[in-house]
Amino acid sequence: MSLLLDTLRAQFGSAQVLTGPDAAPFERDWRGQFPGQARAVLLPRSREEVQAMLRRTAEFGVDIVPQGGNTGLVGGSTPNDSGRELVLSLKRMNVIHRVNTGDLSVHAEAGCVLAMLQHEVQDYGALFPLSLASEGSATLGGVLATNAGGTQVLRWGNARELCLGLEVVLADGTLLSDLDGLRKDHRGLNLRDLFIGSEGTLGVITAAVMKLVPAPRMRLAAWLTLASLCDVLHLFRSARYHLGESLSGFELMNASVQALLEPALPVRSAPWAVLLELSSGQEEERLRSQLEAWLAHELAMNPQRPRFLDAVIGQSEAQFAQLWALRESIPERQTRAGGNLKHDISLPLDVMEAFLAAVEPALQAVVPGLRPQVFGHAGDGNLHFNLAPPPGMGLPELRERHGEALTRCVFDHVALHGGSFSAEHGIGRLRREELARTLAPERLEWMRRVKALFDPDNRLNPGRVL
Ligand SMILES: Cc1cc2nc3c(=O)[nH]c(=O)nc-3n(C[C@H](O)[C@H](O)[C@H](O)COP(=O)(O)OP(=O)(O)OC[C@H]3O[C@@H](n4cnc5c(N)ncnc54)[C@H](O)[C@@H]3O)c2cc1C
C-alpha cells in the first residue's frame with residue numbers, strides 16, 4: 001500500500017478512497033471511449049473535505065481529475081492510463097441548500113444530478129431550464145465546468161447565462177466563494193466566468209447559485225417535416241418573429257437520424273424534420289391558437305410549395321413527453337446502430353446551407369457511401385454532425401482508416417465558414433490538438449497564463465484542454 005493512499009485513508013476513511021474494482025466505474029466514460037486507470041477515486045462529502053483532499057494531495061504532488069456524472073464526451077472526466085491520477089468525484093455532494101422563490105434561484109452542491117434538481121424545484125412552481133439528454137446523470141458542477149447547452153438554450157441560455165454564483169476550490173485548497181446570488185454585482189473582475197467552461201483545469205466547482213424561471217403553465221411540441229435545409233432555416237426565422245418569447249426549442253434532424261427513430265416517428269420521414277417547443281405562462285388555448293395560426297400562415301404564404309410537408313402537434317402532456325423522448329433517444333439509438341464519428345460544431349445560421357453543400361461531397365470523396373447523421377440545436381446554430389460508416393464497414397475500420405481525414409475535412413469546412421469545431425461538448429483530451437492547431441497563438445498563450453495563475457503546478461486535469 002502506498003504512503004499516499006495510507007495517508008488519505010487515515011484522514012478520510014476507506015469508504016472515501018476507492019481502489020480496484022470499486023474504482024472501475026469512475027475510470028471509464030459513458031461511451032467507453034476514454035478508459036483509464038486511476039490511482040484511487042476520492043469521494044468528498046463536503047466543500048471542507050474537497051479543500052482538505054486537495055491540500056493533502058498537493059503535498060504528494062499528484063494530479064487530480066475532477067468528475068461529476070462522467071457523461072462528458074471529450075475524455076475530460078476520466079483518468080489517463082498512467083495509473084497515477086486521482087479522480088475526485090463530486091457525486092456525494094448533492095445537497096440542495098436553498099430554493100429561493102423570492103428571487104427565483106437555487107443554491108446547490110456541485111454533485112446534484114440535473115434531473116433531480118429539475119424535479120425538486122418543480123414543487124416551488126419553478127423550472128430549472130437547462131435540459132440535456134444526459135440529465136439523468138450529468139451534475140451541476142459538470143454542466144458548469146463544460147458550460148453545457150442542450151435543448152433550451154434558445155430561450156434561456158447555456159449554463160454560463162444561468163449562473164448567478166459559484167464556489168470553487170483551487171488546486172492548493174484555497175476557497176473562492178461568490179454565492180451571494182446577486183443579479184447585479186460589479187465589484188471588479190468577474191472571476192466566475194473563467195471557471196465556467198474551464199473543464200476542471202482551473203479549480204473544482206463545489207457549489208453554485210443558478211437562476212430559475214417560473215414554470216410555464218403550458219408547453220406544446222410540434223414535429224414538422226421539410227424538404228430542404230433552406231426551408232428549415234426559413235421556418236426558424238419565421239417562428240422567431242411570429243412566436244416570439246414562446247419559442248423555447250428548435251431541434252433538427254436529417255433523414256438518416258429519422259431512420260434511427262423508425263417505427264416511432266410521428267409522421268413520415270422527410271429530408272429534414274424539426275421538433276419545435278413552445279412554452280409560456282399563457283392558457284393552453286391561447287398558446288395552441290398561436291401555434292396553429294402560425295402554421296396556417298406558413299401554409300398560406302405559398303400554397304403551391306408549402307414550407308413544411310407535414311406537421312403534428314402533441315395533444316397532451318403525454319404526447320409532448322413522447323415527442324421529446326424520441327429526440328432525446330437519438331444518442332443512444334446511434335450507439336445501438338453501431339456508432340459514428342462525432343463532431344459537435346456551431347455555425348452562423350446564414351452559412352449552414354453553404355457548409356452542408358460543401359462538406360458533404362468532400363466527405364463522400366474520402367469515404368463513398370458515408371452516412372452523415374445530422375441533428376442538434378438548430379436554433380443555436382449547433383449541429384451534432386456525426387458520420388456513420390457506409391453499409392458493410394464497421395466503426396473501428398472507419399475510425400482507424402479514415403477518422404483523421406474525415407474529422408479534418410469537417411473542421412476545415414467549419415473554419416472556412418466561420419464556425420467553431422467545439423460548440424458545447426468542450427475540448428477535454430479529444431479536441432486538444434485541434435485547439436492548438438486552430439486557435440490564434442495569442443489566445444492560446446493567454447489561456448496558458450490563466451491556467452498557470454490558478455494552478456501553477458499543473459495538477460488539475462493536466463493534458464486536458466491545453
Ligand atoms: C447522451 C448525451 C447527451 C448529451 N447532450 C448534451 C447536450 O445537449 N449539450 C451539452 O452541452 N452536452 C451534452 N452532453 C455532454 C455532457 O453531458 C455534458 O458535457 C455535461 O455537462 C457533463 O456533465 P457531467 O457532470 O457528466 O461532467 P463530467 O463528464 O463528469 O465532466 C465533464 C468535464 O467537467 C469537469 N468537471 C466535472 N465536474 C466538475 C466540478 N465539480 N468542478 C470542476 N470540473 C468538473 C471534468 O473534469 C470534465 O473535464 C451529452 C452527453 C451525453 C452522454
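Start at 1 and go down the list; that is how both ligands and their atoms are numbered. Sequence positions, counted from 1, serve as the residue numbers for this chain.
- Judged as a side-chain hydrogen bond (donor to acceptor under 3.5 Å, both in side chains), and not counting sequence neighbours, N94 has no contacts.
- When only interatomic distances are considered, the shortest N/O to N/O separation between T71 and ligand 1 falls below 3.5 Å.
- Residue T139 approaches ligand 1 through these ligand atoms, each under 4.0 Å from one of its heavy atoms: 24 (P), 25 (O).
- Each of L383, V374, V410, V414 was scored for a side chain to side chain contact (heavy atoms under 4.5 Å, CB included) with H343, with one residue passing: V410.
- Looking at G68 next to ligand 1, an N or O pair under 3.5 Å apart turns up.
- At least one heavy atom of H377 sits closer than 4.0 Å to an atom of ligand 1.
- Of all protein heavy atoms, the one lying nearest to atom 34 (O) of ligand 1 is A145 CB, 3.4 Å.
- In terms of protein heavy-atom proximity, atom 2 (C) of ligand 1 is nearest to S134 CB, 3.7 Å.
- What sits closest to atom 47 (O) of ligand 1 on the protein, heavy atoms only, is P66 O, 2.6 Å.
- For the salt bridge (Lys or Arg N to Asp or Glu O under 4.0 Å) test with R327, the passing option among E251, E277, E332 is E251; the others fail.
- For S137, the side-chain hydrogen bond (donor to acceptor under 3.5 Å, both in side chains) criterion is met by no residue, not counting sequence neighbours.
- Closest to atom 9 (N) of ligand 1 by heavy atom, among K91, E424, H425, is E424.
- The single protein non-hydrogen atom nearest to atom 44 (N) of ligand 1 is G200 CA, 3.2 Å, given as residue, atom name and distance.
- Using a 4.0 Å cutoff on heavy atoms, V65 does not count as a contact of ligand 1.
- For atom 29 (O) of ligand 1, the closest non-hydrogen atom on the protein side is G72 N, 2.7 Å.
- Taking only nitrogen or oxygen atoms, main chain and side chain alike, V204 does not reach within less than 3.5 Å of ligand 1.
- Nearest protein neighbour of atom 19 (O) of ligand 1, counting heavy atoms only, is T146 OG1, 3.4 Å.
- For atom 41 (N) of ligand 1, the nearest non-hydrogen atom from the set I205, T335, T78, N382 comes from I205.
- The L90 neighbourhood of ligand 1 comprises atoms 41 (N), with distances under 4.0 Å to a heavy atom of that residue.
- Comparing G69, G203, G197, A133 against atom 3 (C) of ligand 1, the shortest heavy-atom distance belongs to A133.
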